[in-house]
Amino acid sequence: MIDVRLLRTDLESVRARMVRRAKPELLLQLDEAVALDVRLRELATERDTLRRQVNDLSKQVGQLRRDGRAEEADSAMSQSRELGEQERALATQTSEVDEQLRQVMLRIPNIISDEAPEGVSDEANPVIRVHGLDGRTFADHQRVPHWETGVALGILDNERAAKISGAMFTMLRGAGATMARALCQLALDRNADAFEEIRPPTLVTTATLTSTGQLPKFADDAYAIERDDLWCVPTAEVPLTSISAGEILDEVELPKRFMAYSPCYRRESGSAGRDTRGLLRGHEFDKVEILAYAAPEQGRTLLDEFVARAAGTIEALGLPYRVIAICSGDLGQSHHLSFDIEVYAPGCDKWLEVSSVSWFGDYQARRADIRFRRTGQKGTEHVHTLNGSALAVPRVLAAILENYRLPDGSVAVPDVLLPYMRGMTTIGPK
RNA sequence: GGAAGGAUGCCCGAGUGGCCGAAGGGACACGCCUCGAAAGCGUGCGAGGUUUUUGCCUCCGUGGGUUCAAAUCCCACUCCUUCCGCCA
């Protein structure tokens with residue numbers, strides 16, 4: 001969440017940036033938060049004054065008892081008792097207001113970076129650069145959607161996936177399954193120079209899913225395991241961000257970098273009927289995520305590095321892609337500044353989002369309470385968090401099945417994947 | 001799932017209901033000493049809120065309760081350790 005103190009010191013500037021998100025109701029939420037904050041501080045001050053009186057009296061009781069002045073002790077005691085009752089009433093009120101404020105704050109999105117382009121929806125996202133398409137044309141044999149190729153080659157079996165788990169689940173077989181794993185391995189290997197590999201839990205608590213911003217607002221998008229009060233992670237960002245939750249790091253540790261392969265679970269509640277074929281959208285998919293905790297001044301540079309890393313892997317796979325900037329109206333709740341990487345799939349003639357790289361400022365760190373201490377300085381600051389998909393498997397796989405499709409209907413294995421494919425150089429029909 | 005023990009500051013660790021935000025030690029920082037260092041000595045050293053400062057308030061796993069007063073007593077929960085059961 002954003003710093004409540006910004007509402008007291010810099011309200012107009014917060015308001016101006018919320019306006020850019022093009023969601024008018026946000027301003028009302030801000031007003032509500034401001035009012036609650038004012039009320040909270042009034043109540044808290046009053047409560048603390050009473051507490052002080054009770055504390056003082058209680059100390060006196062002890063002292064008077066020791067001095068054998070029983071009558072005075074009794075009188076102080078009953079006085080303290082009365083004030084204590086008032087204090088309790090006020091404390092209850094205070095924590096109610098505190099909780100109300102927290103609930104409002106949890107739903108207020110992050111401050112947008114000045115760098116985020118202006119725009120109301122994803123249609124306004126500007127293309128930053130395009131790679132691998134200059135004057136290029138695609139052959140007819142590449143104009144076959146991956147779901148046809150996948151089924152023909154026996155490496156994609158969504159029919160049986162549906163039998164097992166229902167609609168919007170996918171199943172890879174044979175060389176398809178191998179290639180999915182190869183892609184994970186590739187992404188992990190390419191980032192192992194700078195990131196510690198983690199194999200995190202993928203069922204997490206409500207608190208963990210709240211830290212990254214999925215809860216409370218987007219509960220419908222996540223799978224809940226209610227009996228055990230756990231949630232299936234929609235991305236490894238969730239457990240990775242909470243690794244250092246509640247901790248205070250040393251400045252010298254920053255940036256602290258993690259990467260993880262994990263399955264990702266999404267209900268796709270708002271997308272019924274969209275991209276139902278093939279590998280473009282499923283309830284469960286594999287992804288390799290990279291993430292860093294950083295000092296604020298490191299954030300912007302790291303963001304570029306993350307984009308370069310994600311794009312570099314796509315480039316190494318020989319796939320055409322473009323980088324787009326996410327405009328103000330399309331930026332996610334927790335995001336300060338984001339870039340997406342989209343790969344071109346000639347078979348279905350679509351740009352597929354295969355990576356989203358984001359800088360969160362201290363928005364997540366404040367929720368997760370991740371701080372750091374500057375060397376030689378007193379006090380702590382919240383870290384900045386950044387993360388991005390190093391590689392989202394199904395869509396990259398789809399793009400490979402289309403870009404690398406050969407005239408005879410088989411699919412060539414991209415060179416960088418050869419070491420991971422048990423000697424396979426092409427995927428042919430069984 | 002059953003039984004027992006535990007959870008205190010960066011770490012270790014003491015703590016009889018009031019004089020405990022917390023002894024002592026280590027680590028760390030600064031100073032003295034030294035050519036320099038080690039050792040010695042001295043000083044400092046948890047976090048957060050509010051506040052111009054002083055101050056005040058909160059925090060001893062979490063949440064409740066008892067009490068004028070809780071790290072200390074009671075209840076529930078969580079996690080850790082060990083044993084039994086079960087199991088990849």
Side-chain angles (χ1 to χ4, degrees), chain A residues 1-10 33-105 199-211 225-231 239 242-254 256 263 293 362 365-383:
Chain A
M1 59 202 133
I2 63 172
D3 191 344
V4 213
R5 278 170 294 201
L6 286 176
L7 301 182
R8 323 212 272 247
T9 59
D10 216 6
V34 170
L36 285 168
D37 180 50
V38 169
R39 177 98 181 103
L40 175 63
R41 279 181 297 152
E42 285 169 5
L43 285 169
T45 307
E46 215 177 315
R47 177 203 60 192
D48 286 354
T49 308
L50 275 172
R51 277 186 178 164
R52 181 191 174 178
Q53 290 168 357
V54 171
N55 287 345
D56 286 348
L57 282 166
S58 295
K59 278 190 189 126
Q60 282 174 34
V61 171
Q63 188 60 50
L64 290 167
R65 278 270 174 77
R66 257 170 277 134
D67 296 348
R69 295 150 74 180
E71 258 178 51
E72 291 167 77
D74 286 347
S75 132
M77 213 190 278
S78 61
Q79 208 185 334
S80 174
R81 192 178 343 211
E82 269 173 45
L83 287 172
E85 274 164 35
Q86 290 177 41
E87 189 272 334
R88 258 190 294 281
L90 210 48
T92 307
Q93 249 188 86
T94 308
S95 52
E96 279 167 11
V97 172
D98 193 24
E99 182 54 26
Q100 284 169 29
L101 175 59
R102 185 181 136 77
Q103 287 308 320
V104 174
M105 288 302 289
R199 187 22 271 227
T202 51
L203 300 184
V204 300
T205 62
T206 297
T208 296
L209 202 62
T210 303
S211 291
I225 301 172
E226 288 180 21
R227 188 162 69 154
D228 297 294
D229 193 24
L230 289 168
W231 303 77
S242 283
I243 283 181
S244 297
E247 298 183 12
I248 299 173
L249 307 172
D250 285 330
E251 185 180 15
V252 291
E253 295 178 74
L254 304 179
K256 198 174 173 73
Y293 305 142
D362 62 7
R366 184 166 282 108
R367 285 168 167 249
D369 190 25
I370 308 169
R371 290 169 288 163
F372 77 103
R373 203 189 317 270
R374 291 197 189 267
T375 311
Q377 285 187 30
K378 251 185 103 67
T380 56
E381 294 171 49
H382 287 100
V383 300

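Proteins come first, then strands; the chains are lettered A, B, ... in the order of their sequence lines, and each starts at number 1.
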To the nearest angstrom, how far is [X] atom [atom1] from [N] atom [atom2]?
X      : N     : atom1 : atom2 : value
A:R371 : B:C10 : CZ    : P     : 10 Å
A:R5   : B:G49 : CZ    : P     : 5 Å
A:R102 : B:G49 : CZ    : C1'   : 16 Å
A:L249 : B:A47 : CG    : C1'   : 15 Å
A:R47  : B:U51 : CZ    : P     : 13 Å
A:K59  : B:G17 : NZ    : C1'   : 15 Å
A:E247 : B:C11 : CD    : P     : 10 Å
A:E71  : B:C68 : CD    : P     : 19 Å

When both hydrogen-bonding distances must be under 3.5 Å and the geometry is Watson-Crick or G-U wobble, what is [N] paired with, if anything?
N     : result
B:C60 : none
B:U16 : none
B:C30 : B:G42
B:A7  : B:U78
B:C83 : B:G2

Looking only at the side chain of [X] (C-beta and beyond, no hydrogens), which of the listed nucleotides [options] gets closest?
X      : options             : result
A:S58  : B:C56, B:G18, B:U58 : B:G18
A:R373 : B:C57, B:A47, B:A69 : B:A47
A:R66  : B:G18, B:C57, B:C68 : B:G18
A:R41  : B:U50, B:C68, B:C56 : B:U50

Checklist line | Inter-residue atom distance A:D74.CG - A:Q79.CD, 0.5 Å rounding | finding: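 The CD atom of A:Q79 is 12.5 Å from CG of A:D74, to the nearest 0.5 Å.
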Margin query: Would you compute the distance between atom NZ of A:K256 and atom CZ of A:F372 and round it to the nearest 0.5 angstrom?
Written below: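 So the NZ of A:K256 and the CZ of A:F372 are separated by 13.5 Å.
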Distance check, [atom1] atoms only: [N] and [M], in whole angstrom units.
N     : M     : atom1 : result
B:A38 : B:A29 : P     : 10 Å
B:G15 : B:A22 : C1'   : 8 Å
B:G21 : B:A70 : C1'   : 14 Å
B:A14 : B:U52 : P     : 43 Å
B:A71 : B:G61 : P     : 10 Å
B:U72 : B:U81 : P     : 25 Å
B:U78 : B:U62 : P     : 15 Å
B:U43 : B:C75 : C1'   : 46 Å

Notebook entry, point to check: How is A:T380 classified with respect to the nucleic acid when contacts are heavy atoms under 4.0 Å: base, sugar-phosphate, or nothing?
Noted result: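 The answer is sugar-phosphate, as A:T380 gets under 4.0 Å only of primed atoms, P, OP1 or OP2.
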Notebook entry, point to check: Hey, does A:N55 reach any base, or is it just sugar-phosphate, or nothing, if we go heavy atoms under 4.0 Å?
Noted result: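 The residue A:N55 makes sugar-phosphate contact but no base contact.
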Item checked: RNA chain B: 5'-proximal contact among A:Q63 and A:G84 (nearest heavy atom) ->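 Checking each residue's closest nucleotide, the 5'-ward one belongs to A:Q63.
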Margin query: Using heavy-atom distances to pick each residue's nearest nucleotide on RNA chain B, tell me which of A:T45 and A:I248 is more 5'.
Written below: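 The answer here is A:I248.
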Margin query: Determine whether A:D37 and A:R41 satisfy the following criterion, salt bridge (charged side-chain N to carboxylate O under 4.0 Å, His left out), listing intermediate values before the conclusion.
Written below: CA-CA 6 Å; A:D37 180 50; A:R41 279 181 297 152; 3.5 Å; yes
Item checked: Exercise: do A:Q60 and A:R69 side chains pair donor with acceptor under 3.5 Å ->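 The answer is no; no qualifying pair exists.
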Check: Can you tell me if A:Q100 and A:E96 form a side-chain donor-acceptor pair at under 3.5 Å?
Finding: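 Side chains of A:Q100 and A:E96: no pair found under 3.5 Å.
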Notebook entry, point to check: How should the glycosidic conformation of B:G40 be described, syn or anti, under the criterion that syn lies within 90° of 0?
Noted result: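 Base orientation: syn.
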Next item on the list: Test for a donor-acceptor pair under 3.5 Å between the base of B:G18 and the side chain of A:R65, counting only N and O atoms.
Entry: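 Check passes, donor-acceptor contact within cut-off.
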Note to self: Under the criterion salt bridge (charged side-chain N to carboxylate O under 4.0 Å, His left out), I'd like the reasoning laid out for A:D56 against A:R52: C-alpha separation, chi angles, the key distance, then a yes or no.
What the structure shows: CA-CA 6 Å; A:D56 286 348; A:R52 181 191 174 178; 3.8 Å; yes
Margin query: I need the single residue from A:M105, A:H382, A:R371 that forms a side-chain contact (heavy atoms from CB on, under 4.5 Å) with A:R366. Which is it?
Written below: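 Answer to the side-chain contact (heavy atoms from CB on, under 4.5 Å) test with A:R366 among A:M105, A:H382, A:R371: A:H382.
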